[in-house]
Chemist: 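Could you have a look at this structure, given as structure tokens, before my questions?
Read the numbers this way: they start at 1 and go in the same order the structure lists the ligands and their atoms.
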Amino acid sequence: MKLNKIVFPVAGLGSRFLPATKATPKEMLPILDKPLIQYAVEEAIDAGFTEFIFVNAKSKISIKEHFDNNLNLDISNLTKEKKELLNQTNQILPNNVSCSYIIQDEPLGLGHAILLAKSVIKQDPFAVILADDLIDSQKGVLKQMVEEYKDNSSSIVSVQKIDKSNSIHYGMVSIREDNLKSMQLNNIIEKPLPEDSPSNLGVVGRYIFCNKILDFLEDTSFGTGNEIQLTDAIKSMLSSYPVFAYEFEGVRYDCGDKLGFIKANIEYALKSSIFGDELKEYLKTRLIR
Ligand code: G1P
């Protein structure tokens, strides 16, 4: 069974970013000139995924509209440059990519969102990407993980070392000590207190799953935050199917958080060939005061 399906859970309330996210999905917030969801979609395309499953809230139609290529605009009066720009942005998805949209109409959590995608995932392995975890890397993190992925009965979660005092924001994992090199998980806990955290390795929003995770999700009851937690299903799966941690190469920005979002915008803008230098000069003047 081929790994070509990927789930984009995009129905979250974006409560950390209110009021900006009252009518605009957090995944549509821009880093420089592209919405977060487009970075996630481009990472998935680059990793070879071709079946995209968006688990969306009913109100978040702008995400679907962003990837539709039917600009209902009369562009006949526009300048040549503007027409070119619109034509370029009109088709984001290559022709070999297909999209399904599933509605999650209750905010019951990440695990619930993934379970809703079951009718499209069917018996296949699949990946999951959380668009608000933006990762700046030479090689996309999903691509790095696909290269690590070995067989249909194992799963991989991406991790990074974090300051343990921040463990309440992450799924925290620990690694089996008998085979540290393979980074096989022996525990995972959703958002533990620092003193209960099994290590300093926190999960970041990239996953590859064997299909069995769906069975475990079906048996998962409400956990942290009164939501169906993906982390709890992974934990149940550990004794039957191997799950590996993958420490990715790249810098991750938590763009669901205001400060993380601002940092990402500054870093991406500093790299811009058009105004990166000018921004650097501006920031210097602000810092010297
Ligand atoms: C989710 C997961 C958590 C993971 C995090 C990464 O939490 O539940 O295990 O560490 O994403 O961003 P959320 O940030 O959606 O609350």
Chemist: Assess the residue pair Arg16 and Asp254 against the criterion (salt bridge (charged side-chain N to carboxylate O under 4.0 Å, His left out)); give the C-alpha distance rounded to whole Å, side-chain angles, the decisive distance to 0.1 Å, and a yes or no.
Modeler: CA-CA 11 Å; Arg16 285 187 292 161; Asp254 176 5; 3.0 Å; yes
Chemist: With no hydrogens and no angle check, just 3.5 Å: does a side-chain donor-acceptor pair link His66 and Gln38?
Modeler: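 Judged by distance alone, the side chains do pair up.
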Chemist: Which ligand 1 atoms, with their elements, are less than 4.0 angstrom from a heavy-atom of Tyr170?
Modeler: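 Heavy-atom distances to Tyr170 below 4.0 Å select 10 (O).
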Chemist: As an exercise, identify every atom of ligand 1 less than 4.0 angstrom from a heavy atom of Thr231.
Modeler: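 So the answer, numbered in order with elements, is 9 (O).
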Chemist: Please write down residue, atom name and distance for the protein heavy atom closest to atom 7 (O) of ligand 1.
Modeler: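 I find the closest protein heavy atom is Lys191 NZ, 3.3 Å.
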Chemist: Looking only at heavy atoms of Arg252, does any of them come nearer than 4.0 Å to an atom of ligand 1?
Modeler: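 Yes, that is the case, since the closest heavy atom of the residue is under 4.0 Å from the ligand.
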Chemist: With a 4.0 Å cut-off, would you call Arg176 and Asp178 a salt bridge?
Modeler: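 Salt bridge: yes.
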Chemist: Does any N/O atom on Val203 come nearer than 3.5 Å to any N/O atom on ligand 1?
Modeler: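 Yes, Val203 has an N/O under 3.5 Å of an N/O on ligand 1.
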Chemist: At under 4.0 Å between heavy atoms, which part of Leu130 makes contact with ligand 1: side chain, backbone, both or neither?
Modeler: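 Within the 4.0 Å criterion, Leu130 contacts ligand 1 through side-chain atoms alone.
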Chemist: Using the salt bridge (Lys or Arg N to Asp or Glu O under 4.0 Å) definition, which of the options Lys139, Lys143, Arg206 pairs with Glu43?
Modeler: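 Of all the options given, the one that passes is Arg206.
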Chemist: When you measure from atom 15 (O) of ligand 1 to the protein, is at least one non-hydrogen atom found at a distance under 4.0 Å?
Modeler: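 Looking at atom 15 (O) of ligand 1, one finds that no protein heavy atom lies closer than 4.0 Å.
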Chemist: Could you walk me through whether Asn187 and Lys235 pass the side chain to side chain donor-acceptor pair (under 3.5 Å) check?
Modeler: CA-CA 6 Å; Asn187 199 6; Lys235 189 182 174 101; 2.8 Å; yes
Chemist: Measure across Thr231 and Ile188 and return the closest heavy-atom pair with its distance rounded to 0.1 Å.
Modeler: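 Nearest pair, atom of Thr231 first, then Ile188: CG2-CG1, 3.5 Å.
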Chemist: When you measure from the centre of the six-membered ring of Phe126, is the NZ or CZ of Lys5 under 6.0 Å away and within 45° of the axis?
Modeler: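 The answer is no, since Lys5 fails at least one limit relative to Phe126.
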Chemist: Any idea which protein heavy atom is nearest atom 8 (O) of ligand 1, and the distance to it?
Modeler: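 For atom 8 (O) of ligand 1, the nearest protein heavy atom comes out as Glu190 OE2, 2.7 Å.
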Chemist: Closer than 4.0 Å to some heavy atom of Asp133 - which atoms of ligand 1 meet that?
Modeler: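 Near Asp133, the atoms of ligand 1 are 6 (C), 12 (O).
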